[in-house]
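Right, one structure below, let's go through it.
Below, chains carry the letters A, B, ... as their sequence lines are ordered, and counting in each starts from 1. Only heavy atoms go into these numbers, but all of them, side chains included; no hydrogens, no water, no symmetry mates.
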Amino acid sequence: MRISSDAKPGGHVREERLVTMIVDRFEGPFAVVEGRGRQMVRIERRLLPADAREGDVLRPTDDGRYVVDEVATLRRRAEVDELTRDLWGPRD
Amino acid sequence: MTFILRRYGRQAPLLALVVVLALLVAACTSPSTLTAGGHAPAPADHPPGPTADTPGPSAGKSGGLVVHFLDVGQADSILVESAGHTMLVDGGNNGDARTVVGYLKKRGVKRLDAIVGTHPHEDHIGGLDAVMKAFEVATVYLPRVTTTTRTFQDVVAAMKDRGLSASAPRPGDSFRLGDATCTVLAPESARYEDLNNYSIVLRVSYGETSFLLAGDAEAVSEEEMLGGGRELSATVLKVGHHGSNSSTTAALLRRVKPRYAVISVGRDNTYGHPARSTMLRLKDLGIPVYRTDENGTIVATSDGRAVTFNTKPGDYSDGGEP
């Protein structure tokens, strides 16, 4: 997906950094997060917003916590919706 | 009739010799090496232990049913074989791709009749893209739900690459796998809070024996299965969600009445799996538990009347506090 009309070199790298952390699942007190290169990392759930959900894109904050990047999350969901549009047959 | 009987009667000593030889070969190739070499020191929750030895490649090819619970650490991957037909239920973590592909190749798998991605969590679908690239695949079953991870995107991309579409099975659907019948028990609903409950749950039956492969289905889905009025009894229960306390309710155990339980779980995982409550429930009911963290890869073989394992059961120890 193209990010924007911003054609500055490095723009893509910045975007990659932003969507690097995606919540895959929750296991007890941990969020299991897909990081760079699909490495899975564990993050204590208390460091995430209470309403964080599976599939949310996270952004680290300066105080060592994480917020949900709503825009990046919506963008990922739209991408996946597009990618999977014809994956299953029509619902009957 | 008498003629046939006489014929076999005369050949009985030869038959006995063949059986003894076959048993000797089996004894040399399977269990002891499995438990001994199963585990490297496990740092995190992704210890891809060395590939375990497997029973002779003919098992499950000429009839019967063989179910392999691969040691993929804190993840699931199950190979089902019957009469030359094969199905892979889940593909381990991202880091287990080589382990899973290697195991299938060692088994002589060329083609998979079915791949089931029980639900789109990384510890279940992680290695499936590699499997799709390495083997010819006929049908892919996925619940009708998506997630945003690149792990999931990789699987979808691999499917498109191979021209595969997904099939979302519904409870009550069934399909044949060699001599075995696979019946879908879940997911019952179209929407759940948690991806775990979207898990495709299968009951694989052969003769008088059956395996209930519960994916990560939790209490919500278990309750739906209990209310569905379908046959849930199973000789072997693949315990849901790595033995966590959110699955394997007492009510489910009462209905499934498993003779054996299998738990796919990573050694020293940080999630406290399997949960103390689950292990106590299984212990109280006297159900032997085979577990990949203690036994390595577990191979269960059914002749249609009974199920035998390649290893001795594990213990009832739990994963402690997460």
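- Judged purely by atom type and a 3.5 angstrom limit, A:E54 has no side-chain atom pairing as donor or acceptor with the backbone of B:T147.
- In this structure, the separation between NE2 on B:H124 and CG on A:D24 is 9.5 Å, given to the nearest 0.5 Å.
- Heavy-atom distances place the backbone of B:S167, and not its side chain, under 4.5 Å from chain A.
- Side-chain contact between A:M40 and B:N94: present, with at least one pair of heavy atoms (C-beta onward) separated by less than 4.5 Å.
- Between A:L87 and B:M159 the shortest side-chain heavy-atom distance falls below 4.5 Å.
- Between B:Q153 atom CD and A:E79 atom CD the span is 6.0 Å, to the nearest 0.5 Å.
- Looking at B:E122, its side chain never comes within 3.5 Å of a backbone N or O of A:E34 through a donor-acceptor pair.
- One distance of note links OG1 of A:T84 with NZ of B:K160; it measures 7.5 Å at 0.5 Å rounding.
- Comparing A:D86, A:L83, A:T73 by how many heavy-atom pairs each has under 4.5 Å with chain B, the most go to A:L83.
- Of all the heavy atoms in B:T270 and A:F30, the pair that sits closest is O-CE1, 3.5 Å.
- Counting heavy atoms from C-beta outward, B:Q74 and A:V32 have side chains that stay 4.5 Å or more apart.
- Here the CZ-OG1 distance, from A:R85 to B:T146, works out to 13.5 Å after rounding to the nearest 0.5 Å.
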Taking it one step at a time, do A:R38 and B:D154 satisfy salt bridge (Lys or Arg N to Asp or Glu O under 4.0 Å)?
-> CA-CA 10 Å; A:R38 293 138 176 87; B:D154 290 344; 2.6 Å; yes
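- A heavy-atom distance below 4.5 Å is not found between the side chains of A:R36 and B:R150.
- Of all non-hydrogen atoms in B:P143 and A:W88, the two that sit nearest each other are O-CZ2, 2.9 Å.
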